[in-house]
Each structure stands twice: as structure tokens, then as C-alpha cells.
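Okay, structure first, notes after.
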Amino acid sequence: DMVEAAPEMLPKTSRKSKPVLTFIPEQERAINHRYTLVLVSEQAAAFAAVATESEMAEAYSPKGSVGRQSEIEEKMVVFCPTGAVVAGQQELCRLRLHLCAGFSDALPLGRDVSAAASTIVALLFWRVPRGDKSAVEEVIRDWQMRMAEINHVPADFRPFTVICTFGADAGQADVIGDFAARQGARLEGQMAFGDSCVDAVMESLQSVAEAAITRQKLRKHRSDSDERILDERTASRSCAVL
């Protein structure tokens, strides 16, 4: 079924307190979620460097797993905790960072439902000077180009797309809000963080991962419900024929 249905807009979030890391876990943790996180920004490489070189990235990298050693050694992979607890430990989400920093960098879109379900596109407003009208307009132009790419893909193959803003002033926030309102169902979330520091960067990764997991679970629940209803209707028709 290729009919586009408008998903529920995930709530706009603001920065909230996160637990401070006080230890580096040595035992294995469950990694039940894996996503490709596309960072859309001229500052994508710097954003990725802040994330991959952070204390949190080091603390939550799985230890002692030979099978995952190649993943751990990849510079563009970050593990972050989610809200779920498995065997007394917070399960981890693996984010493979994909940079989309310039005109020549295309979004990794295709016609694979599984790939689309495991892809997140984050439109970043990060390290943009406050009060600079031309700077925010340039960011919006880039976002418009990326949303046009997404719009050309059938709804079933579109990635989970969100806006993440860091330290935007009131005027910039209004411009971003107007842009978001025009996107409709293609844009599924907007998250705001107070500044561009490493803590905000890591908080954004965790928030985006948790939102993607919630979206995936909701879609699975709807799919299971649709299948159950179809089975019930089929059984009812069979009984009527008999």
C-alpha cells in the first residue's frame, strides 16, 4: 500500500537533564537498535567529531566483544543508551553517522523499506551565529533542498526526519518554526537544545535515537493491528461462505 498517511508529529522537545556518567561499563550490553544517522549541516564533520570523541561515546562503546571489534573501531559509529533496560542494564543504540555537508552530498535514499526504517535524517542548526539573518536563510535553503530529495521518494521509503536546533535565538526559532510547519508529514519531529556544547550534542543523539525507536514501535504496532483485523475479516468471510 503506497498511500501516504500523515504520521503523528512527535512532540517538540527541549533540553532536559541527563544522568552524569560516573563509570565506564566493562560488560556487554544489549544492542537491539541500529540506525544510520544522516547529519545535514555544513558543520556535519565537526558535529560528528564532537560526538565520536566525547566521553559518553567512549563510555558506552561495548567492551570485550571480538565480533563487534570492527564496528567499535569505526570512527563514525557512536553507541548511546536508550530508556529500555535489559537484564538490569540500559540497552544501547548504535548510530552510524553519515555526513551530508555540501551540495554534492546526496541523502542515502532508496527503495528498500528496511533501510528506510533504519535511517534517520537530522537537519542540524548547530553553531550558527545568533542574530545573523543570512546564516539562518542559508541553512533553510539547504534544508529545502534535502526535503525536496525526500519528497521525491514514495512515502513507504522515506526516512525518519527531524530538526535539531542548538542555541537558536527567538528570531531564528521563528524562521525554523515556519519552515517546519510547511513540511507536513515529511518532517516528524523538532528538538531544541540550549547550546552547542558536547553535552547538548550527545543529548541530541540520545533523544533522536529514542524518538526513532518509539516511531518504529508505533509502526510495528499499527502493522500488527492491521494484520489482525485482516485475519479476522478473512475468517469471518470464510464462516459466512460455509
Side-chain angles (χ1 to χ4, degrees), residues 1-16 18 30-41 47 51 60 77-86 90-98 100 107-125 143 146-166 176-177 179-193 200-229:
D1 184 3
M2 301 296 291
V3 178
E4 180 175 356
E8 295 181 2
M9 189 76 167
L10 292 175
K12 181 176 178 180
T13 60
S14 57
R15 189 170 180 182
K16 53 185 180 299
K18 295 284 183 179
I31 303 174
N32 294 331
H33 305 282
R34 292 171 167 82
Y35 295 97
T36 294
L37 175 59
V38 185
L39 305 176
V40 177
S41 170
F47 187 96
Y60 283 102
V77 171
V78 175
F79 295 87
C80 65
T82 69
V85 177
V86 177
Q90 272 189 301
E91 68 174 357
L92 299 181
C93 176
R94 189 198 72 177
L95 299 174
R96 184 190 299 275
L97 306 183
H98 179 105
C100 198
L107 296 176
L109 305 175
R111 300 300 178 97
D112 185 300
V113 173
S114 296
S118 61
T119 300
I120 305 168
V121 174
L123 306 177
L124 301 181
F125 189 85
W143 289 0
R146 302 308 175 185
M147 294 305 298
E149 290 182 56
I150 293 172
N151 193 42
H152 282 298
V153 178
D156 287 352
F157 305 110
R158 291 175 186 169
F160 177 52
T161 304
V162 297
I163 291 175
C164 293
T165 63
F166 300 81
I176 293 169
F179 169 83
R182 295 194 301 270
Q183 306 313 307
R186 294 173 298 168
L187 183 68
E188 297 184 60
Q190 186 177 351
M191 303 178 184
F193 304 90
V201 167
M202 301 314 293
E203 181 183 337
S204 72
L205 295 186
Q206 184 174 350
S207 297
V208 166
E210 291 176 347
I213 292 168
T214 298
R215 173 194 188 245
Q216 199 165 31
K217 289 179 178 178
L218 287 173
R219 289 197 164 192
K220 185 179 186 305
H221 176 72
R222 292 193 191 106
S223 177
D224 291 344
S225 297
D226 290 343
E227 288 183 7
R228 186 169 59 253
I229 292 172

Checking the side chain of Arg94 only, and the main-chain atoms of Val77 only, is there a donor and an acceptor separated by less than 3.5 Å?
no
Of all heavy-atom pairs linking Arg158 and Asn151, the shortest is NH2-O, 3.3 Å
Just wondering, do Cys80 and Glu210 contact through their side chains at under 4.5 Å, heavy atoms?
no
Smallest heavy-atom separation, Leu107 atom then Glu149 atom, equals N-OE1, 3.2 Å
Hey, what do you get for CZ (Phe160) to CG (Leu187), rounding to the nearest 0.5 Å?
9.0 Å
Evaluate the side-chain contact (heavy atoms from CB on, under 4.5 Å) criterion for residues Ile176 and Trp143: first the C-alpha distance (whole Å), next the side-chain angles of each, then the deciding distance (0.1 Å), finally the verdict.
CA-CA 10 Å; Ile176 293 169; Trp143 289 0; 4.0 Å; yes
All N/O donor-acceptor pairs, side-chain side in residues 113-121, below 3.5 Å, sequence neighbours left out:
from	atom 1	to	atom 2	distance (Å)
Ser118	OG	Ser114	O	3.2
Ser118	OG	Ala115	O	3.2
Thr119	OG1	Ala115	O	2.7

Between the main-chain N or O of Ala180 and the side-chain N or O of Gln190, is there a donor-acceptor pair closer than 3.5 Å?
no
Kindly give the heavy-atom pair with the smallest separation between Arg146 and Val40, and that separation in Å.
CG-CG1, 3.6 Å
To the closest 0.5 Å, what do you measure between CZ (Phe47) and SG (Cys164)?
6.5 Å
Within the side chain of Gln183, is there an N or O that forms a donor-acceptor pair under 3.5 Å with the backbone of Phe179?
yes
Say you draw a straight line from CG of Leu92 to CZ of Arg34; how long is it, rounded to the nearest 0.5 Å?
10.0 Å
To the closest 0.5 Å, what do you measure between CE (Met147) and NE2 (His152)?
12.0 Å
Atom pair CD/OG1 of Glu91 and Thr82 - distance to nearest 0.5 Å
4.0 Å
Step by step, would you call Arg186 with Thr161 a side-chain contact (heavy atoms from CB on, under 4.5 Å)?
CA-CA 7 Å; Arg186 294 173 298 168; Thr161 304; over 6 Å; no
How about Ile213 and Tyr35: do any of their side-chain heavy atoms sit closer than 4.5 Å?
yes
Specify the closest pair of heavy atoms between Phe166 and Ala200, including all atoms of both residues, with the distance to one decimal.
CE2-O, 3.6 Å
How about Tyr60 and Phe79: are their ring centroids closer than 6.0 Å?
no
Heavy-atom nearest pair, Ala211 first then Met191, reads CB-CE, 3.7 Å
What distance do Cys93 atom SG and Gln206 atom CD have between them, rounded to the nearest 0.5 Å?
10.0 Å
